[in-house]
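Reviewing the structure listed below.
We name chains A, B, ... by the order of the sequence lines, and we start the count at 1 in each one.
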Number of protein chains: 2
Amino acid sequence: MAATVTAPAKPDRMPGSRAARTRETEHRILTAALESFGTAGYDATSLDALAAGLGLSKQAILYHWPSKAALLDAVIDHACLDLVVEFDGVLRDAGEGWDRIEAIVRSVFRVAIRRPELLGFVREVSRLGGDAAARISADLEPFVARARGFLQREMDAGRFRRCDPGLLFVSAYSTVLGAATEVEVLRAVGFEPTARSTVVRRRELLSFLRAAIVAP
Amino acid sequence: MAATVTAPAKPDRMPGSRAARTRETEHRILTAALESFGTAGYDATSLDALAAGLGLSKQAILYHWPSKAALLDAVIDHACLDLVVEFDGVLRDAGEGWDRIEAIVRSVFRVAIRRPELLGFVREVSRLGGDAAARISADLEPFVARARGFLQREMDAGRFRRCDPGLLFVSAYSTVLGAATEVEVLRAVGFEPTARSTVVRRRELLSFLRAAIVAP
DNA sequence: CGATTCACTTACCAAGTGGTAAACATTCAT
DNA sequence: ATGAATGTTTACCACTTGGTAAGTGAATCG
């Protein structure tokens, strides 16, 4: 183990075809970029630093994508795929009505704990605006549309309080993402973001949402 | 005899005095920095661009504050002062119970329309983390503490649904700030951020919050 | 009045930034 | 084996960044 302390971990011969290794390299770059974009931020992430962290040179990244902006686009697609897969998997096994909301909230909290950079990245991209924000909107549009349809059906069935489904979605989105990611605000009200306090937060959030959404 | 009608002993108070002009320059810099930090972001704002927009040179800024980070600190204090003055003024004339929440929400929406960079700046600073986030937390702590006390009292009086005041605050904070500032998400669900749609958003948000907070 | 402080500018600089050009090594197809 | 394609590196480049040093003209002061 003491062999490669200073050496920048040359990519040893990997089993598999060249195409497979290429895909694997691109996947590693995407993962590292998502991590850095989602925590440090897009502007604060330099291609040099990103490459160095992977034992590559910056030009290796620019070989796979022609520019930093193109890399961002790829990371957006990568992240959205992860998100949609996660949520679709959860919803497939979820029940109806309020159970679906609860399942999603639990899922978001799980992501917030295990992969916080993913939610941070969503925030970051929508903050950046421009093409990137348009792209993430487009990527998530099918999911959002289904969510709105679900809310509408539940209202029609009289299970959810009647209101505008789109705005209800925005409210719920903000509330959930905030409770899951607003570390600084939580700290300001005296909540250190430990795993234990997360359970409490989730429970409180669910009762908040339930009161706001479910018809009396 | 008639030479000195208004005693010039304190030239500080003259409108054209050097001290007054210095204060005015610093105020202009703070305002422009708040605008740019709150919309483009801290990293994306260069001192050169900031100074050029004011008809100054970068070194004029670095004369008043020793570094970009020090300027950020000053902008944080400046912004928090504005926020606290705004909210305190609103709350002074507000009633009790739910009326106070409604007054604050209206106030946040007014700020979101008239000075969107202010709310964007709060988001940006808490995203940056580190010393800046600690500073904004400290600046707003008295306000947050009073808000929590208010929520606690309303719960004790049986007017608000009983829950953890700190977490209720976070939920309400996220929901309000989200509805007021998540332009991209709103666009994704089909809401262009016009002044007209803002009124609708505010009404929907209030009914959402009311259902979530007020005791049945 | 002259001296000094003040607010600001011009002139720099070292350290990055994203991106280009070209050389190089490995793998694949023939 | 050989030549082409592929993935990566080294060497650069123009430009921007925050920050320093030194100077300048005007307001202020003794």
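Listed by first then second residue, pairs satisfying ring-ring contact (aromatic ring centres under 6.0 Å, His included) with a partner in residues 175-195 of chain A number zero, not counting sequence neighbours.
Comparing C:dT27, C:dC6, D:dA27 against the side chain of B:Y63 picks out C:dC6 as the nearest.
Within residues 70-78 of chain B, no residue places a heavy atom under 4.0 Å from DNA chain C. For DNA chain D, the residues of residues 31-61 of chain B within the heavy-atom distance limit of 4.0 Å (strictly under) are B:T45, B:S46, B:L47, B:K58, B:Q59, sorted by number.
With sequence neighbours left out, B:R123 forms a salt bridge (Lys or Arg N to Asp or Glu O under 4.0 Å) with A:E182, B:E182. Under the side chain to side chain donor-acceptor pair (under 3.5 Å) criterion, A:R23 pairs with no residue at all, not counting sequence neighbours. Residues passing the side-chain contact (heavy atoms from CB on, under 4.5 Å) test with B:A69, sequence neighbours excluded: B:Y42, B:S67. Remark: A:E86 pairs with A:R110 by the salt bridge (Lys or Arg N to Asp or Glu O under 4.0 Å) rule, at least two apart or across chains. Partners of A:A32 according to the side-chain contact (heavy atoms from CB on, under 4.5 Å) rule, which considers only residues two or more places apart in sequence or in another chain, are A:L50, A:L54.
Taking atom CG on B:L62 and atom P on D:dT17, their separation rounds to 13 Å, with Å as the unit. For B:E24 and C:dC6, the CD to C1' distance is 17 Å, given to the nearest whole Å. One atom, CH2 of A:W65, and another, P of C:dG19, lie 14 Å apart when rounded to the nearest Å.
By the neighbour-count criterion of 12 heavy atoms within 6.0 Å, atom CG of B:D88 is densely surrounded, having more than that number from other residues, nucleotides or ligands.
In this structure, A:T25 reaches the D:dT8 phosphate: one of its side-chain N or O atoms is under 4.0 Å from OP1 or OP2. A sub-4.0 Å separation between OP1 or OP2 of C:dC8 and a side-chain N or O of B:H64 is present.
Comparing B:T22 and A:K68 by the nucleotide of DNA chain C whose heavy atom lies nearest to each, the residue mapping closer to the 5' end is B:T22.
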Tell me which donor-acceptor pairs under 3.5 Å the side chains of residues 56-63 of chain A have, and how far apart each pair is, sequence neighbours excluded?
from	atom 1	to	atom 2	distance (Å)
A:K58	NZ	A:D48	OD2	3.3

